Amino acid sequence: MNADVDSATPPQPAAPGLRGKVFQGGAAMMGRQLVTMGLSLISLLMITRIIGPAAYGPYVAAFSIAMYAQNLGQAGIGVYLVRAAGEVDDSTWNVAATLLLAIAILLAGVLECSLGLIEAWSPLPNLGPLLSVLLLSLIPQILGVAAAARLERALDFRRVAMIEVAAQLIYYAVALPLVWFGFSVWSLVAAWSLQQVFSCAALFAAARFRPRLQWDASIAGSMLRYTFSFAAADWSWQLRGLVNPLIAGHFLPAEAVGQIGLAIRLMELLTFTKTIAWRLSIAALAKIQTQPLKLVAAITDGMRLQTLALGPVLIGFSWFGGYALSLVFGPRWEPVMVLYPFLALSYLTNAQFNFHSSVLYVLRKNWDVSRFHIIHIVLFAGAAAMCVWRWGIVGYGYGEMAALLSYAAIHYPVRRAVGAPDYGISALWWLSLAIGLFWRDLGDWAITAPIPGLLCPPSLRILKVYYRMFAGSPRHAV
């Protein structure tokens, strides 16, 4: 009888193991990325057209400053909680939440007291009031890091993705009607604040985490020591986000700051695969971190594949983006295309060197990455400060070009650690794409420059290798 019962009972699916959870979580995060991209595009199309660059500029400046403060406030504590070996006890979770809350209150208080100095340096209309309200959202935003880390540590990426999508929907459900009824950028401030409160509450509810105020100096010190080098590299890179509000905002009118802000936002949307590839590369490269030859090969392939992924998108937008921008956003936003080729070349170059930083992180050479970031931001901010006051919005682009010199500072530590990648094909593709991006300045002949770069015999050999690799052919070794 038992055998009959057993044979009649349909087999139950096995619970997913560690690998299955990671893949399911990765799929959820990718889906979230695509959904939020679509929502962000809707926001750009509708909100910026109604608000206009003059009003959007001060909001972009205030938001950029608030986001840098938020990045500082996380202090890498979420990374510590997710990567900590063994079980994380309740005391550690409580101390982490208490530390995050204290940092958030401290940052918000310091910046609120500094509003007069910020307004004096960047005399954009309404910058102070906008920033003052945005800073209040730092508290739920930073505090939510502890709950998000608890979910990610349990590999519950699906729930995190669902909360992030729901929060985005709430943002647009609030922002779009308020913008339509004439509340301008305050619509965005209200929507952002509500989004952060919802995200924080939803994350804590999903994680079933009710933190208590608790302090232990040894636990807090351990967190900060562990995360400081990682966070320092991130903090120095995120300084890029302050060049527009604090340098362009000091020399240029609010309209130009808004136009630069829209150009940056468009670039982030067009190059979203760069961020995904970087996040995936950390996990993938960790598997071969003791094999220098394979790391060098991974960097070489990473440069080529990133160029192939981003190049056509960036070139395509350079051809048709001007028409779309004028038609959809309106003539007030047309100067964005003056800046576009400079930003596109900067983002393309950064994508090529994504795997360099990934390898250094995997090898725990965080200070080498920090050094590169510092050199990059000094070149970028210094050149932008010298150029925007003289040449206007295009001076921001000149700053991006000056910062390209900094990539030598990340090549040398990689060469010392594992060896030099093969730059030949990547450099050829980069040069042909660079010429194509600046076709408006160089002439119509430059439009076709990427074609011979991709169709020359060495390029075709590499493209055939990648085709076989993705088609599943066993003959794909370079």
Side-chain angles (χ1 to χ4, degrees), residues 37 40-41 44 48 53 56-57 60-61 63-64 67 237-249 251-252 255-275 278 306-307 309-326 329 333-354 373 376-377 379-388 391-407 429-442 446 449-450:
M37 268 188 56
S40 296
L41 186 58
L44 285 175
T48 53
Y56 188 63
V60 165
F63 187 80
S64 298
M67 287 306 94
W237 182 255
Q238 296 301 329
L239 284 169
R240 281 180 54 87
L242 298 181
V243 173
N244 186 28
L246 298 184
I247 293 180
F251 293 106
L252 301 179
E255 187 174 17
V257 175
Q259 290 160 347
I260 293 171
L262 178 61
I264 294 170
R265 192 73 188 96
L266 283 171
M267 289 308 309
E268 291 171 350
L269 289 175
L270 292 173
T271 61
F272 78 98
T273 58
K274 178 172 71 74
T275 303
W278 186 87
Q306 285 276 50
T307 306
L310 297 184
V313 176
L314 297 176
I315 283 290
F317 194 84
S318 76
W319 292 346
F320 305 109
Y323 303 108
L325 206 65
S326 179
F329 290 88
W333 295 99
E334 288 180 358
V336 168
M337 290 309 296
V338 175
L339 193 58
Y340 174 80
F342 298 97
L343 266 65
L345 188 58
S346 172
Y347 276 67
L348 178 65
T349 307
N350 180 258
Q352 287 198 333
F353 284 86
N354 242 358
H373 288 170
H376 181 93
I377 194 63
L379 289 172
F380 177 31
M386 290 188 290
C387 295
V388 292
W391 290 293
I393 190 173
V394 75
Y396 186 93
Y398 296 156
E400 291 277 21
M401 294 302 96
L404 296 183
L405 298 172
S406 66
Y407 288 97
W429 293 348
W430 180 90
L431 180 60
S432 62
L433 288 166
I435 294 172
L437 287 170
F438 285 90
W439 66 271
R440 295 175 185 271
D441 302 294
L442 299 175

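Just so it is clear, the model here is predicted, and its values are computed rather than measured. Just so you know, residue 1 is the first one in the sequence shown, and it goes up from there.
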Aromatic plane relationship, [Y] with [X] - under 30° parallel, 30 to 60° tilted, over 60° perpendicular:
X      : Y      : answer
Tyr340 : Phe317 : tilted
Tyr56  : Trp333 : perpendicular
Phe438 : Phe342 : perpendicular

Shortest non-hydrogen contact from [X] toward [Y]:
X      : Y      : value
Gln259 : Pro53  : CG-CB, 4.0 Å
Ser406 : His376 : OG-ND1, 2.9 Å
Val257 : Gly249 : CG2-CA, 3.7 Å
Leu433 : Thr307 : CD1-CG2, 3.5 Å
Thr271 : Leu310 : CA-CD2, 3.8 Å
Ala383 : Gly399 : CB-CA, 3.7 Å

Test item: [X] and [Y] side chains (from C-beta on) under 4.5 Å apart, heavy atoms:
X      : Y      : result
Ser346 : Arg240 : yes
Tyr396 : Phe380 : yes
His373 : Ile377 : no
Val394 : Leu339 : no
Leu379 : Leu404 : no
Val60  : Ile264 : no

In Å and rounded to the nearest 0.5 Å, what is the [atom1] to [atom2] distance from [X] to [Y]?
X      : Y      : atom1 : atom2 : value
Ile393 : Cys387 : CD1   : SG    : 13.5 Å
Asn354 : Gln306 : CG    : CD    : 5.5 Å
Leu270 : Ser318 : CG    : OG    : 10.5 Å

CA sep, side-chain torsions, deciding dist, call: Arg440, Val338, side-chain contact (heavy atoms from CB on, under 4.5 Å): CA-CA 9 Å; Arg440 295 175 185 271; Val338 175; over 6 Å; no

Would you check if the side chain of Thr349 reaches a backbone N or O of Leu345 as a donor-acceptor pair within less than 3.5 Å? yes

Between Tyr407, Trp430, Tyr347, which is the residue that forms a ring pair (Phe, Tyr, Trp, His ring centres under 6.0 Å) with Phe353? Tyr407

Verify side-chain contact (heavy atoms from CB on, under 4.5 Å) between Leu343 and Ile260, making sure each step is shown before the conclusion. CA-CA 10 Å; Leu343 266 65; Ile260 293 171; 5.9 Å; no

